[in-house]
K.L.:
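Got a structure here, written out as structure tokens. Questions coming.
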Amino acid sequence: MGQQVYLGIDLGAESGRVMAGLWNGNTIRLEELHRFSNGGVWLGDSLRWDILRLWAEIQNGLSLAARRFGDSIVSVGIDTWGVDFVLLSKSQELLGLPYHYRDPRTQGIMARTLQQVPRERIFQTTGLQFMEINTLFQLIAFRDKNPELLAAADCFLMMPDFLNWCLSGERVCEFTNATTTQFFDPTARGWAVDLLRDLRLPNSIFPRVVQPGSVLGGIRPSVASRTGLKKVQVVAPATHDTGSAVAAAPTANTGHPTWAYISSGTWSLMGVEVQQAILTSRSLELNMTNEGGVDGTYRLLKNIMGLWLLQQCKRSFERSGTVYSYEHLVSLAAASTPLRSLVDPDHPSFLSPEDMPSALQEFCRRTGQPEPQSEGQLVRCVLESLALKYATTLGALEDLVGRRVEVIHVMGGGSRNALLNQFTADACARPVLAGPVEATVLGNLLVQVQARGELGSLAQLRSVVRQSNELQSFEPQNSESWSAARDRFQTLSQA
């Protein structure tokens, strides 16, 4: 078999890229073709995504791919973050620039919604963690603030679904991203039509849901003409980036897995793989979420604020004139006093503060702890707090599935942070296996390979990941001091 090339478009909150996966029948090798920045854009008093620039950058990357690989290209797939969406009119016009999930318009919406529909009913219907950024609350805010646009809407598409429409002309929603909306029913595996109706949201705008690995058809002729791509298929992988990352978890343990994962990036998504959504009252009490995965699986997980805290500290340091690489900031943290100042990463004050170091200091001041002052102290505070949040989440996951987790797979960009990986092993008292860094795009690409019939199962897909990547191992240390820190963190997370 000659070499086949698959293209993976991976969009994150800070950057996007077009990657090539070179498949030889046994292993896959990655090649980055195009990388570009991403981020929210303020328009008046609202925070938006510049979706047209992102689409232009994607086409630039596809043009580079066509020149580099020509007729070897088999298919292309897109993954992005969840919760955000686009609306199209009946004539397929874009109805406004899509809002960013950190836009302030959703503040207070969740509380008002829960006065209309009980929390228990929403969870039983959708199985999703309650967060004000969820699509449900965004769409209610849209209904209240932009009623004329919602009235003109003919089709609702999540961000990757819109880009798939740009590529192929198909208007569908892919399963894994649909499950992040908080109006998808994991039992019926379809839109939660009764809940939408009761919240005065139009059922008619939601398209059919397709499974990861669905072939959407050939690339639009106009896109082929602009980019130089030829007979290339458009495949919907797990279009939610965490869905793709977990598909690429390098484990041989399937069935009743004794492993957990952390997809580590701007957000940390920590969970276990299950065969059905867990909709118990205990799951609601722990504010867990059930999101769709590949091959009919579900991901029982917790959304944790993640490396956003570190990213925003770095930006704050740069505004003050101190420019450090992430590697240098981590080295400063390693030299700082252990377990001095801790915060709950999921505290609302860290969602979108004007200045992250000030928000961290304020939390420590309010909870009677020493305030972190230096760059190293601030970064160590963030990393240790994340590790302790993981430990708390691990306990909740084990409670829900009724079995002990023996190993934690850390994947994504955060897997390169050796200090955080060691802290995670220490706080959780479990071995950590770090890698692959490119789990998201690997899952994207290998689901495309599977869609072509080259791989038969999720287990085979993960076998390819193990053969194609090296992992780094971290063993737990300093158990006594971390045990005391876990007890202290429990009180802080209730502050």
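As a basis for the values below, the full set of heavy atoms in this structure was taken, side chains included, without hydrogen atoms, waters or symmetry mates.
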K.L.:
Does a side-chain heavy-atom distance below 4.5 Å link N303 with I133?
P.N.:
no
K.L.:
Do you see a donor-acceptor pair shorter than 3.5 Å between the side chains of T266 and Q311?
P.N.:
yes
K.L.:
Ignoring hydrogens and geometry, is there a side-chain-to-backbone donor-acceptor pair from R171 to W165 under 3.5 Å?
P.N.:
no
K.L.:
Within 45 degrees of the axis of the six-membered ring of W191 and under 6.0 Å from its centre: does R208 put its NZ or CZ there?
P.N.:
no
K.L.:
Taking 4.0 angstrom as the limit, do K314 and E14 come out as a salt bridge?
P.N.:
no
K.L.:
Which heavy atom of V465 sits nearest a heavy atom of P250, and at what distance?
P.N.:
CG1-CB, 4.0 Å
K.L.:
Closest approach of V5 and A20, non-hydrogen atoms and distance?
P.N.:
CG1-CB, 4.1 Å
K.L.:
Please work out whether the ring planes of F130 and F137 are parallel, tilted or perpendicular, with thresholds of 30° and 60°.
P.N.:
tilted
K.L.:
Are the aromatic rings of F175 and Y298 close, with centres under 6.0 Å apart?
P.N.:
yes
K.L.:
Can you name the closest pair of heavy atoms from D79 and A238 and give their distance?
P.N.:
CB-O, 3.8 Å
K.L.:
Can you find a heavy atom in the side chain of H100 that is under 4.5 Å from one in the side chain of R48?
P.N.:
no
K.L.:
Is it the case that R102 places NZ or CZ above or below the six-membered ring of W308, under 6.0 angstrom from the centre and within 45 degrees of the axis?
P.N.:
yes
K.L.:
Please round to the nearest 0.5 Å and tell me the distance separating atom CG of L157 and atom CG of N164.
P.N.:
9.0 Å
K.L.:
Just by modelled atom types, is the G218 backbone N or O under 3.5 Å from a matching donor or acceptor in the K231 side chain?
P.N.:
no
K.L.:
Among E57, E31, E438, which one satisfies salt bridge (charged side-chain N to carboxylate O under 4.0 Å, His left out) with R17?
P.N.:
E438
K.L.:
Working to the nearest 0.5 Å, report the span between CE of M411 and OH of Y261.
P.N.:
8.0 Å
K.L.:
Do R404 and L394 have side chains that get closer than 4.5 Å, going by heavy atoms?
P.N.:
no
K.L.:
Would you say L196 and F206 make side-chain contact, with heavy atoms under 4.5 Å?
P.N.:
yes
K.L.:
Looking at the rings of F183 and F156, which for Trp means the six-membered one, are their centres under 6.0 Å apart?
P.N.:
yes
K.L.:
Hey, are the side chains of L11 and W49 touching, using non-hydrogen atoms and a 4.5 Å cut-off?
P.N.:
no
K.L.:
Please find the pair of heavy atoms, one from T289 and one from Q129, that lie closest to each other, and give the distance.
P.N.:
OG1-N, 3.0 Å
K.L.:
Any side-chain donor-acceptor pair under 3.5 Å between Q59 and S63?
P.N.:
no
K.L.:
Do N290 and T179 have side chains that approach each other closer than 4.5 Å (heavy atoms only, starting at C-beta)?
P.N.:
no
K.L.:
Quick check: closest heavy atoms across V294 and P212, and the distance to 0.1 Å?
P.N.:
CA-CG, 4.1 Å
K.L.:
Compare all side-chain heavy atoms of L136 with those of L201 and state whether any distance is below 4.5 angstrom.
P.N.:
yes
K.L.:
What are the two closest heavy atoms between F123 and L128, and how far apart are they?
P.N.:
CD1-O, 3.5 Å
K.L.:
Can you find a pair of side-chain heavy atoms, one from V379 and one from L419, that are under 4.5 Å apart?
P.N.:
no
